[in-house]
Amino acid sequence: MSKIKAIRGMNDILPEKTPVWQFLEKTVRDVLAGYGYREIRTPIVEQTDLFKRSIGEVTDIVEKEMYTFADRNDESLTLRPEGTASCVRACEEHGLLYNQVQRLWYAGPMFRYERPQKGRYRQFHQIGVETFGMSGPDIDAELILLSARLWKQLGIEDVVTLEINTLGSAESRQAFKNDLVAYLTTRKDDLDPDSQRRLTSNPLRILDSKSAQTQLILNEAPNFHDYLDAESTSHFECLKALLNSVGVNFRVNPRLVRGLDYYSKTVFEWVTEALGAQGTVCAGGRYDGLVQQLGGKSTPAVGFAMGVERLILLIESISKLPASLYQQADVYILPLTTTLEVKQKILCVAETLRDETELKVVLGCGDGSLKSHLKKADASGARVALLIGQKELEHDTVQVKFLRETIDQQEISVKDLTDSFLTKF
RNA sequence: GUGGGCGUAGCUCAGUUGGCAGAGCUCCGGAUUGUGAUUCCGGCGGUCGUGGGUUCAAGCCCCAUCGUCCACCCCA
């Protein structure tokens, strides 16, 4: 019988890694709170149609990457591949968008059936930020500023750069897409195979093709700039001015096209060179049409999502986190002799310490040798070990042994313990 | 879905022309009977990913298969 292992592309996050995750999550929560964003939590499973209608029927995500299965009543359910659709659904369902403005965020696992590689997994985690009811470029700028502040707090601001673009209104983009497809269809045989396929699946992506031949053909293609509507253009110009005025550096990338159908006007990406092929660490944009598309009242909206695993990889490659984040214990209490009486005593002393202080107190349990107890005390990262044996039991004292400093071991009474500890630490 | 690299102890990895299955770290014990982190000694630990084939003999060669990593595609 072979051992059961985790599903491909779905990773365990082990105790030695969780401190980085907690650091990231706490930092994100604090920054978002500072901008007045509130958390929303939605189910991981939704009706399949929600994603089909929001992400786009012919995108790769919907066509081949969704974890879709039949519920017991034959309803088609899907593990969420992204968070925006669920967020919009929940807001709409509970009237959160009725004549009001919302600033929201969510965090959690997403699921896409893809071949795993660096920074890409089948269960991965996103932290998403969504705003509703604000149509101007000022909220776009706020979101970008918020993310820039976050990179600073995480210590990765030097390795990410901002790219922005505008996709125009849905109408202008559709008109451009039609003309682009019409033109490229006449040259179809000269396109690289990937681009030929994209002609029906994701034509805007052809602009991004790495084939030199295809790029030559694109030189003759219609130019999206000529299709941009006046409102989108001024929205974009205004956003750029706002970013300049607050000192956020950016690069306009006319080939920046987001993969999901629902975007319009502003799109942006934070990218890095440090993660190999998966350079996008955070991406988002405006999706003014989505709420209506899902059956609600027309509502302007803009948001973005971060790939948590990718951010973790970046943090690990760049910044040294304080050792205290990894420290299991401040104080380690262990028995000098493993009699029942001594075990009772160290249990009581540990509880007293937890009552009286905020210290992390770990107990040396079990019947190992004194040597192995002390080794574990050392490995716990604790600053001091408290040793209690038969003699200490009789005198109601503990031996205080400093593990990281050259300070003589001292015997103090249990009564004095919390007082002297509170002043020492 | 396509292409390439890699699968040997809990972890990191050696293993020569096909000839006894190895090291470091970790863990446990001892040197030091109630004192860790240094040093020394000893010990635990293996379906060499799996299945088949060639051979007197396979961790090593051949075939298949699974896993994993990286890349393409796509995306956060």
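Here is how names work: the chains are called A, B, and so on, in the same order as the sequence lines, proteins then strands, and each is numbered from 1.
Spacing between B:G24 and B:C6 at atom P, rounded to whole Å, works out to 26 Å. To the nearest whole angstrom, the two C1' atoms, one in B:C61 and one in B:G22, are 22 Å apart. The P atoms of B:G49 and B:U68 are separated by 16 Å, rounded to the nearest whole Å. For B:C40 and B:A57, the C1' atoms lie 41 Å apart once the distance is rounded to whole Å. A gap of 15 Å separates the P atoms of B:G7 and B:C48, to the nearest Å. Rounded to the nearest Å, the gap between the C1' atom of B:U2 and that of B:G46 is 36 Å. Nucleotides B:A71 and B:C75 place their C1' atoms 15 Å apart, quoted to the nearest Å. Nucleotides B:G51 and B:G15 place their P atoms 25 Å apart, quoted to the nearest Å.
When heavy atoms are screened at a 4.0 angstrom cut-off, A:Lys375 is found touching the sugar-phosphate backbone but no base atom. Within 4.0 Å of A:Leu387, counting heavy atoms only, lies at least one base atom of the nucleic acid. Residue A:Lys5 is in sugar-phosphate contact alone, with no base atom involved, counting any heavy-atom pair closer than 4.0 Å across all strands shown. Contacts of A:Arg197 with the nucleic acid, taken as non-hydrogen atoms under 4.0 Å apart, involve only primed sugar atoms and P, OP1 or OP2. Counting non-hydrogen atoms under 4.0 angstrom, A:Gln399 reaches a base of the nucleic acid. Within the nucleic acid shown, A:Gln390 comes within 4.0 Å of at least one base atom, counting heavy atoms only. Using a 4.0 Å heavy-atom criterion, one finds that A:Ala283 contacts the sugar-phosphate atoms exclusively. Using a 4.0 Å heavy-atom distance criterion, A:Gly284 is classed as making no nucleic acid contact. Across all strands shown, A:Glu16 has no heavy atoms under 4.0 Å from either base or sugar-phosphate atoms.
At least one side-chain nitrogen or oxygen of A:Arg205 sits closer than 4.0 Å to the OP1 or OP2 atom of B:C75. Under 4.0 angstrom from either OP1 or OP2 of B:U68 there lies at least one side-chain N or O belonging to A:Arg8. A sub-4.0 Å separation between OP1 or OP2 of B:C74 and a side-chain N or O of A:Arg198 is present. Contact annotation: A:Lys118 does not reach the phosphate of B:C72 (side-chain N/O to OP1 or OP2, under 4.0 Å).
Pairing for B:G3 goes to B:C70, judged as Watson-Crick or G-U wobble with the two contacts each under 3.5 Å. Across every strand in view, B:U55 sits unpaired, with no contact that passes the Watson-Crick or G-U test at under 3.5 angstrom. Under the Watson-Crick and G-U wobble criteria, each requiring two contacts below 3.5 Å, nucleotide B:U32 is left unpaired.
Residue-to-nucleotide contacts include no donor-acceptor pair under 3.5 Å from the side chain of A:Arg115 to the base of B:C70. Residue-to-nucleotide contacts include a donor-acceptor pair under 3.5 Å from the side chain of A:Gln409 to the base of B:U35.
Taking each heavy atom of A:Gly133 and A:Val101 in turn, the nearest pair found is O-CG2, 3.9 Å.
Atom-to-atom distance recorded for A:Gln196:CD and A:Asp190:CG is 9.0 Å, nearest 0.5 angstrom. Here the straight-line distance linking atom OG1 of A:Thr161 with atom CD of A:Glu273 works out to 7.0 Å at 0.5 Å rounding. To the nearest 0.5 Å, atom OG of residue A:Ser195 and atom CD of residue A:Gln213 are 10.5 Å apart. In this structure, the separation between NE2 on A:His373 and CD1 on A:Ile333 is 12.5 Å, given to the nearest 0.5 Å. A:Tyr106 contributes atom OH, which lies 10.0 Å from atom CD1 of A:Ile127 (distance to the nearest 0.5 angstrom).
Using a cutoff of 4.0 Å between basic side-chain nitrogens and carboxylate oxygens, A:Arg112 and A:Glu82 are not scored as salt-bridged.
Residue A:Ile388 contributes atom CD1, which lies 15 Å from atom C1' of B:U35 at whole-angstrom precision. If you take CD of A:Gln123 and P of B:C75, they are 21 Å apart, rounded to a whole angstrom. Nucleotide B:C74 holds its P atom 12 Å from the CD atom of A:Gln117, rounded to whole Å. In this structure, the NZ atom of A:Lys391 is 13 Å from the P atom of B:G34, given to the nearest Å. To the nearest angstrom, P of B:C74 lies 16 Å from CD1 of A:Ile55. For A:Leu204 and B:C75, the CG to C1' distance is 16 Å, given to the nearest whole Å. For the pair A:Arg122 CZ and B:A76 C1', the computed distance is 17 Å after rounding to whole Å. A:Leu374 has its CG atom 11 Å from the P atom of B:G34, to the nearest Å.
Of the candidate nucleotides B:C28, B:C70, B:C74, B:C74 has the atom lying nearest to any side-chain atom of A:Arg120. Nearest nucleotide to the side chain of A:Leu403, out of B:G36, B:G34, B:C75: B:G36. Considering only the side chain of A:Ser372, B:G29 comes nearest among B:G34, B:A76, B:G29. Checking B:A76, B:G34, B:U35 against the side-chain heavy atoms of A:Arg310 singles out B:A76 as nearest. Distances from the side chain of A:Ala277 to the nucleotides B:C72, B:G67, B:G36 place B:C72 closest. When distances run from any side-chain atom of A:Glu65 to the nucleotides B:A76, B:G30, B:C74, the shortest one goes to B:C74.
Judged by the 6.0 Å and 45° rule, A:Arg122 forms a cation-pi pair with A:Tyr113.
Along RNA chain B, the nucleotide closest to A:Tyr113 and the one closest to A:Ala305 are compared, and the more 5′ of them pairs with A:Tyr113. Comparing A:Ser369 and A:Ile7 along RNA chain B, the residue whose closest nucleotide (by nearest heavy atom) sits nearer the 5' end is A:Ser369.
A:Arg103 places no side-chain N or O within 3.5 Å of a backbone atom of A:Val129 that could act as its donor or acceptor partner.
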